[in-house]
Amino acid sequence: MTLSDIEIKKAREVDMMKLIMALEISHKKESGHLKIICPMHEERVGSMAVYSDHVFCFGCMYKNDVLGFIQDIYQVSFPDAVRMLNSIK
């Protein structure tokens, strides 16, 4: 089943900070963003900054948008990431 442009656009518009809270990922609020422990490498303190449209890790330099982040942390395909994001309320 193919994805429509509307489905992809809707998934890309998901706010990263709201997603982190919806997924109940432990976070710390900082001015204008959230801090989380980076799932891309081992660490004890949060070095990943979560902004509304992307994430950036100051430890490993990982950067991605909401779709890429979901694909990487859940090891899913692009279509599956779109479906996951569109199912989150």
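No experiment lies behind these values; they were computed from the predicted model shown.
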Roughly how far, to the nearest 0.5 Å, is the NZ atom of Lys28 from the NZ atom of Lys35?
8.0 Å
Side chains of Asp53 and Val66: closer than 4.5 Å at any heavy-atom pair?
no
Do Val55 and Ile20 come close enough that some side-chain heavy atom pair is under 4.5 Å?
no
How are the rings of Phe58 and Phe56 set to each other: parallel, tilted or perpendicular (split at 30° and 60°)?
perpendicular
Under the 3.5 angstrom rule, does the side chain of Glu24 hit a backbone N or O of Met21 as a donor-acceptor pair?
no
Phe69 side chain reached by Lys63 side chain, heavy atoms, under 4.5 Å:
no
Met61 side, atom CE; Cys38 side, atom SG - distance, nearest 0.5 Å:
11.5 Å
Do Leu34 and Lys29 come close enough that some side-chain heavy atom pair is under 4.5 Å?
yes
Nearest heavy-atom approach of Cys60 to Met40 is SG-CB, 4.1 Å
Applying the 4.5 Å side-chain criterion to the ILVMFWY set and letting contacts propagate, would Ile36 and Tyr51 be lumped into a single cluster?
no
Do Lys18 and Ser52 have side-chain heavy atoms sitting under 4.5 Å apart?
no
Donor-acceptor pair, Asn86 side chain versus Glu7 backbone, under 3.5 Å?
yes
The reported gap from CD1 in Ile70 to CE in Met84 (rounded to nearest 0.5 angstrom) is 5.0 Å
When you compare the side chains of Tyr74 and Asp80, does any donor N or O come within less than 3.5 Å of an acceptor on the partner?
no
Using 0.5 Å steps for rounding, measure from the OG atom of Ser77 to the CD atom of Gln71.
7.0 Å
Looking at side-chain heavy atoms only, is the closest gap between Tyr62 and Met48 below 4.5 Å?
yes
Does the side chain of Ile88 reach to within under 4.5 Å of the side chain of Val14, using non-hydrogen atoms?
no
Given side chains that start at C-beta, do those of Ile25 and Val50 come closer than 4.5 Å, heavy atoms only?
no
For the student: nearest non-hydrogen atoms of Asp15 and Met17, plus distance
OD1-N, 2.8 Å
Expected output: side-chain His41 to main-chain Pro39 donor-acceptor under 3.5 Å
no
